[in-house]
Amino acid sequence: MEKRLSDILEGIAIVDARGNQDVAISSITFDSRKCVGGSVFVAVNGTEADGHRFIPNAIAAGASAVIYQDGEVDAAGVTAVKVADSRKALAIMADNFYDHPSSKLELVGITGTNGKSTTVTLLYDLFTALGYCCGLFSTIVNKIDGEEIPADHTTPDPVSLNAMLAMMAERGCQYCFMEISSHSLAQDRVAGLKFRGGIFSNITHDHLDYHKTFAEYLRCKKLFFDNMPQDAFALTNLDDRNGEVMVQNTKAQIKTYSCHRMADFRCKIVEEGLDGMLLEMDGRQFWSKFIGAHNAHNLLAVYSTAVLLGADKEEILVKMSALGCVPGRLEYIRGGRDLTVAVDYAHTPDGLENVLKTLREAGRDRQLICVFGCGGNRDRTKRPEMGVIATKYADRVFVTSDNPRKEKPEDIIADIRAGLDAGMRAKSIFITDRREAIRTAVMTAQEGAVILVAGKGHEDYQIIGETKYHFDDREVVREVLNEI
């Protein structure tokens, strides 16, 4: 693929330009190491490094053009274009370069703290079951019509994102469902994309290590709806106290869903057990393999979105009743002594409370055990709060490591422990080694117990220092259960 630079720059605020703007461009990159002849290098101020420092490297590697926003570029023979915002320019350039791929399919995004992966995965599975060719962007995995592509970020960088959208369009995908992270909105990764609709799930305590304040976190989430076009729909959860705030400035058509209030789409739990729940969705009842109030909201968001996209209501519910487990989201593993182990990605206070409350209510009189830790080099303020929540619902708690990264696991555990009073500490066991914590929790559980292993879910690695080691909670659980 080759385009003129001037065509790629369409719609971008240019401050200054030197050189031939009609130069042929064959690739876009923000990584100077990927530059070759025909590349346009976009210098972006990153969270860890300033891309402007690498402009000489990009030119030396053969870049045909450089896009920048700070300072001046001294590069004879190379087209240099100064823009008002190089990060936003990167996204718009990628959209232009790949011929606006998001406009060639029905793109639906979801933002919020919890429930994003479950909702987009179920939408992908539902519309695939309805007979459509679909694409998926999620924390768990990216998919193009069934082909799995590893996911490095919740929302990919703009170049990768548009490249994959173009592949989806070329392969006949009619729909694409994607998670929209707060980081991606703050960094303009989805700028230039055309959305058919957007969903708001909920917003709770998370990512304050990056956003610093909850107000800033909320503002970034809200940007998704603020920038939506008139011909899109904005579906919001009225059961979240910020549900109406999210869509108050949107131009899109506002639609609402709720399990507790009057809304365009409604749902209630009729019956519930560890194996599933009977739901009433807009006056129709169906059985779901999922459990918990949080999953009732996720399923309602899926149903509402499908209706807004024109699918038949009866057919939606028939297909939804067959939808199975999302990897690492209340994924059950059963073993001897009638033990049920649930592996879940819950890594926020609200997420952990939702899952523990669900298992407590569904498991009734069974012993409930929780194994969890907190990630290193991330928001420290949620650590003691998560400890309190775990001890509130679980009969026994094993506090352990998650992804410690560059922090000492013992220091992270100490932060969790600091929030616990004497009674909470009495039911808590602190084991730094995650494998050993899981093993001890399972081996010492009472017959018929329910054990939650929280925090990592679908992840098959543990980050210690800067190194990724293979570690999968589900594998460890199966190994231990096989010993029983």
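In this chain, residues are counted from 1 in sequence order.
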(request) Sort out for me which residue in Phe137, Tyr132, Phe127, Phe195 forms a ring pair (Phe, Tyr, Trp, His ring centres under 6.0 Å) with Phe177. (result) Phe127

(request) Quick one: closest heavy-atom pair of His297 and Tyr257, and the distance? (result) O-CE1, 3.7 Å

(message) Can you confirm whether more than 12 heavy atoms, excluding those of Lys357, are under 6.0 Å from its NZ atom?
(response) no

(request) Check Asn114, Asp379, Asn354 against Thr348 for a side chain to side chain donor-acceptor pair (under 3.5 Å) and give me the one that passes. (result) Asn114

(message) For Arg219 and Glu216: C-alpha separation, side-chain torsions, deciding distance, then whether salt bridge (Lys or Arg N to Asp or Glu O under 4.0 Å) applies.
(response) CA-CA 5 Å; Arg219 185 192 73 81; Glu216 176 61 14; 2.9 Å; yes

(request) Could you tell me whether Arg334 and Asp275 have a side-chain N and a carboxylate O separated by less than 4.0 Å? (result) yes

(message) Any salt bridge linking Asp231 with Lys194? Criterion: basic side-chain nitrogen under 4.0 Å from a carboxylate oxygen.
(response) yes

(request) Tell me, yes or no, whether the heavy-atom count around Glu2 atom CD, taken from other residues, nucleotides or ligands under 6.0 Å, exceeds 12. (result) yes

(message) Determine whether a donor-acceptor pair (N or O, by modelled atom type, separation under 3.5 Å) exists between the side chain of Arg189 and the backbone of Ser181.
(response) no

(message) Any side-chain to backbone donor/acceptor pair from Asp312 onto Glu315? Under 3.5 Å, distance only.
(response) yes

(message) Working to the nearest 0.5 angstrom, can you tell me the gap between Met277 CE and Ile269 CD1?
(response) 5.0 Å

(request) Check Val108, Ile110, Val326 against Thr119 for a side chain to side chain contact (heavy atoms under 4.5 Å, CB included) and give me the one that passes. (result) Ile110

(request) With the side chain counted from C-beta on, respond yes when Glu331 and His458 share a heavy-atom pair under 4.5 Å apart, and no when they do not. (result) no

(message) Could you tell me if the side chain of Gln187 sits less than 4.5 Å from the side chain of Pro158, heavy atoms only?
(response) no

(request) Measure from the side-chain N and O atoms of Asn403 to the backbone N and O of Ile463, and report whether any donor-acceptor pair falls under 3.5 Å. (result) yes

(request) Flag yes if more than 12 heavy atoms outside Glu466 fall under 6.0 Å of its CD atom; otherwise flag no. (result) no

(message) Could you report the tightest heavy-atom contact between Ser27 and Ser39, atom names first, then the distance?
(response) OG-OG, 2.9 Å

(request) Could you tell me whether Lys3 atom NZ has more than 12 heavy atoms of other residues or ligands within 6.0 Å of it? (result) yes

(message) Would you say that Asp402 contacts Lys456 through its side chain, given a criterion of any heavy-atom pair below 4.5 Å between the two side chains?
(response) yes

(request) Look at Arg434 together with Asp473 and state whether they make a salt bridge at an N to O cut-off of under 4.0 Å. (result) yes

(request) Starting at CZ of Arg87, measure out to CD1 of Ile92 and round the result to the nearest 0.5 Å. (result) 13.5 Å

(message) For Tyr393, is there any backbone N or O sitting under 3.5 Å from a side-chain donor or acceptor partner on Arg360?
(response) yes

(request) Measure across Cys220 and Ser182 and return the closest heavy-atom pair with its distance rounded to 0.1 Å. (result) CB-O, 4.0 Å

(request) Working to the nearest 0.5 Å, report the span between CE of Met93 and CZ of Phe30. (result) 12.5 Å

(message) Could you report the tightest heavy-atom contact between Ser288 and Leu279, atom names first, then the distance?
(response) CB-CD1, 4.3 Å

(message) How about CE on Met262, more than 12 heavy atoms from neighbouring residues, nucleotides or ligands closer than 6.0 Å, or not?
(response) no

(request) For the residue pair Thr236 and Glu244, confirm or rule out a side-chain donor-acceptor distance under 3.5 Å. (result) no

(request) Using a strict cut-off of less than 4.0 Å between a Lys/Arg side-chain nitrogen and an Asp/Glu carboxylate oxygen, indicate whether Glu385 and Lys382 qualify as a salt bridge. (result) no

(message) Restricting to non-hydrogen atoms, name the atom on Leu278 and the atom on Phe286 that form the minimum distance, rounded to 0.1 Å.
(response) CD1-O, 3.5 Å

(message) Both conditions, 6.0 Å and 45 degrees, for the charged tip of Lys255 above the ring of Phe233: are they met here?
(response) no

(message) With a sphere of 6.0 Å drawn around NZ of Lys222, does it hold more than 12 non-hydrogen atoms of other residues, nucleotides or ligands?
(response) yes

(message) For a quick test of reading the model, state the closest non-hydrogen atom pair linking Gly197 to Met228 and the distance between them.
(response) C-CE, 3.5 Å

